[in-house]
There are 2 protein chains.
Amino acid sequence: MPLNFSTRHLDAFLALAEMRHFTRAAERCHLSQSAFSQLIRRLEDAAGTRLFDRDTRNVALTPEGERFAEAARRLAADVESAFADLREHAARRKGRVALAALPSLAAGWLPPVIAEYRRRHPGIAVELFDPLADRCLELVRLGRADFALTAPGPDLTEFDTRRLYSDRFHLVCRRDHPLARRRSVRAADLAGCELIHLARTTSVRQHLEPVLRPLQLKSSGLEVEQLATVAGLTASGLGVSVVPELTLFQFRRPDLVAIPVAEPDLERPILIVQRKGRSLSVAAQGMLELVEARLARRPRGAR
Amino acid sequence: MPLNFSTRHLDAFLALAEMRHFTRAAERCHLSQSAFSQLIRRLEDAAGTRLFDRDTRNVALTPEGERFAEAARRLAADVESAFADLREHAARRKGRVALAALPSLAAGWLPPVIAEYRRRHPGIAVELFDPLADRCLELVRLGRADFALTAPGPDLTEFDTRRLYSDRFHLVCRRDHPLARRRSVRAADLAGCELIHLARTTSVRQHLEPVLRPLQLKSSGLEVEQLATVAGLTASGLGVSVVPELTLFQFRRPDLVAIPVAEPDLERPILIVQRKGRSLSVAAQGMLELVEARLARRPRGAR
DNA sequence: GTCAATTACGTTCTCCGTAAGGATG
DNA sequence: CATCCTTACGGAGAACGTAATTGAC
């Protein structure tokens with residue numbers, strides 16, 4: 001006789017095992033005494049043996065009942081904890097979210113978002129990676145990151161992507177540079193400038209290259225990995241640089257100025273990238289919503 | 001929304017997690033696809049979060065679903081094993097029975113019963129204690145033994161007892177003894193005999209004492225604990241002894257004879273003793289039934 | 001257009017409660 | 001005889017199945 005064993009059976013069994021009294025155990029379970037009796041009876045039928053010895057005066061567990069009681073207590077606790085765990089994740093009181101973001105985002109724009117998230121959901125562990133674009137995608141592909149905020153890579157077909165934002169480029173130069181007083185510049189204006197480059201592995205460089213290559217600019221020969229190095233080199237008058245708006249926080253110093261580059265094709269889209277067809281965890285979904293909300297409130301440069 | 005979480009929910013969830021296909025998972029669960037869909041929906045309501053991502057083409061676990069799946073697999077296995085364990089005990093394929101029996105029973109009459117039991121139920125562990133009567137009761141009181149086969153002790157009110165059998169006494173003497181050719185003897189016939197006694201702690205002695213004391217028999221001064229010693233002493237012509245029928249197997253030697261003592265008050269009841277109000281385990285119940293069956297087939301001396 | 005999940009709705013069946021029955025101290 | 005578990009029976013609600021609907025590819 002296959003029983004659809006349920007938490008009600010568990011609760012009833014445990015109540016009776018504890019109370020040793022049908023009527024009172026039935027009350028605790030909010031059942032009539034009759035229904036309760038049937039419940040126990042069906043459980044015993046499924047068990048294939050009596051679990052309680054009872055006459056009209058006494059109720060006690062049989063040896064088999066004792067044995068089952070141990071399992072039943074564990075089961076009840078396990079069911080309870082499984083659902084509690086689920087609800088805690090659903091309520092974002094517990095969980096984990098891992099995201100990857102380009103260094104420029106990770107250093108400047110993202111931290112306040114993460115701080116806000118942690119404030120709202122102190123129980124959730126936040127993991128942040130700040131590698132270059134290729135590795136961002138890799139982390140998402142491996143499932144190490146729930147989603148990434150990064151620039152387009154070579155092969156995005158295996159991901160679900162959404163454009164969050166489009167980052168415009170700025171010329172950064174010393175305050176005493178000939179272009180320093182312009183309100184905006186065009187790519188052509190850069191002719192004659194020595195350019196300090198970021199490494200070719202960076203998304204910044206990859207987006208700059210198609211636009212600047214035709215201009216045959218003089219190269220400074222300097223090609224570094226860190227934006228802070230670019231800032232230092234530029235401040236020392238060794239050249240100028242062209243960087244996305246989101247990285248400008250690295251260049252906010254009295255001796256440097258940043259000037260928008262008015263060039264329609266020169267922009268670096270920032271995408272939300274996640275695994276195709278897989279939904280985000282509740283925790284990650286919350287982070288994503290906060291990212292989008294922050295962007296909506298600060299649409300500078302958004303398209 | 002409190003769900004009456006049941007094995008059906010578990011099975012459905014696990015089937016869908018494995019199949020990633022509602023229709024096929026529903027078939028495995030012997031449900032219509034519609035009913036199956038509702039089942040999952042209710043489960044998700046109770047969980048407070050989606051467990052599956054699905055559109056008409058793909059079904060996959062959400063991160064929360066993955067987490068729940070681990071717990072669900074454990075739960076399903078635990079429920080299954082708890083019931084399997086119960087059924088194995090009920091079917092006497094598994095379990096344990098402990099019994100205590102007087103040495104005379106444990107040595108002679110009981111072993112074939114235990115052997116038969118083990119043959120029938122090889123999965124059940126049988127534990128046997130063979131102490132004197134007091135300790136037999138003690139073992140039952142402590143729950144170390146499921147039941148005891150023993151003689152009446154001083155305080156039986158705390159136990160449930162049932163008379164199994166009544167053991168009649170026999171005179172044991174050498175073949176060359178004056179009484180050796182009698183077909184039966186009375187207590188009075190023992191006048192002038194030197195009696196070899198068992199220790200006062202034995203139930204044999206305790207039952208003999210009230211009957212033999214008035215006869216003022218000569219004492220041999222020998223008072224030992226083991227029946228085998230009594231046999232040796234008797235065979236050497238140091239005296240005679242009076243022992244219950246169940247112990248006669250110790251005295252089956254060519255130089256000794258055993259003669260029934262025809263004395264209405266001289267008998268030693270053998271009781272089944274168990275804890276009051278507590279039922280026996282299925283395993284122990286089986287042993288008890290075998291004991292009674294064996295007795296019914298061999299009613300020699302039964303009342 | 002097809003396949004698959006969801007929704008709608010009528011039906012079935014399980015399970016509950018009221019009430020009578022029975023056993024035990 | 002009072003207490004308390006069990007059985008009987010009628011009804012409410014949950015769950016199921018058929019079928020129509022929606023949605024994705």
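Values below: every heavy atom of this structure, side chains too, minus hydrogens, waters and symmetry copies.
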| field | Counterpart residues, salt bridge (Lys or Arg N to Asp or Glu O under 4.0 Å), relative to A:Arg57 (two or more places apart) | value | none

| query | For A:Asp11, which residues count as a salt bridge (Lys or Arg N to Asp or Glu O under 4.0 Å) partner, sequence neighbours excluded? | reply | none

Measure the distance from [atom1] on [X] to [atom2] on [N] and round it to the nearest whole Å.
X        : N      : atom1 : atom2 : result
A:Glu44  : D:dT7  : CD    : C1'   : 15 Å
A:His21  : D:dT3  : NE2   : P     : 11 Å
B:Lys276 : C:dG25 : NZ    : C1'   : 13 Å
B:Phe52  : C:dT6  : CZ    : C1'   : 16 Å
A:Leu51  : D:dC5  : CG    : P     : 16 Å
A:Arg20  : D:dT3  : CZ    : C1'   : 18 Å
B:Glu27  : D:dG17 : CD    : P     : 12 Å
B:Arg54  : D:dC25 : CZ    : P     : 15 Å

| field | Member of A:Arg275, A:Met287, A:Gln285 meeting the side-chain contact (heavy atoms from CB on, under 4.5 Å) criterion with A:Phe147 | value | A:Met287

| said: Checking side-chain contact (heavy atoms from CB on, under 4.5 Å) between B:Leu149 and each of B:Val273, B:Leu271, B:Leu110, which is the one that passes? | reply: B:Leu110

| query | Bend across the helix from C:dG1-D:dC25 to C:dG25-D:dC1, to 10°, with axes taken over 5 pairs at each end? | reply | 30°

| said: Can you pull out every ring-ring contact (aromatic ring centres under 6.0 Å, His included) where at least one residue sits in residues 77-100 of chain B? Sequence neighbours excluded, please. | reply: A:Phe5-B:Phe83, A:Phe68-B:Phe83

| note | Residue pairs passing the ring-ring contact (aromatic ring centres under 6.0 Å, His included) test with at least one member in residues 36-58 of chain A, sequence neighbours excluded, are A:Phe13-A:Phe52, A:Phe22-A:Phe36

| message | The criterion is side-chain contact (heavy atoms from CB on, under 4.5 Å); which residues satisfy it with B:Ala84, sequence neighbours excluded? | response | B:Glu80

| query | What pairs with B:Arg93 under side-chain contact (heavy atoms from CB on, under 4.5 Å), at least two apart in sequence or on another chain? | reply | B:Glu88, B:Ala91

| note | Those residues at least two apart in sequence (or on a different chain) that pass side chain to side chain donor-acceptor pair (under 3.5 Å) with B:Asp265 are none

| message | If you compare every side-chain N and O of A:Thr23 against the phosphate oxygens of D:dT3 (OP1, OP2), does one of them come in below 4.0 Å? | response | no

| request: Please state whether the phosphate of D:dT6, meaning OP1 or OP2, lies under 4.0 angstrom from any side-chain nitrogen or oxygen of A:Ser37. | output: yes

| field | nucleotides 15-24 of chain C: protein proximity per nucleotide (B base, S sugar-phosphate only, - neither; heavy atom, under 4.0 Å) | value | SSBBB--BBB

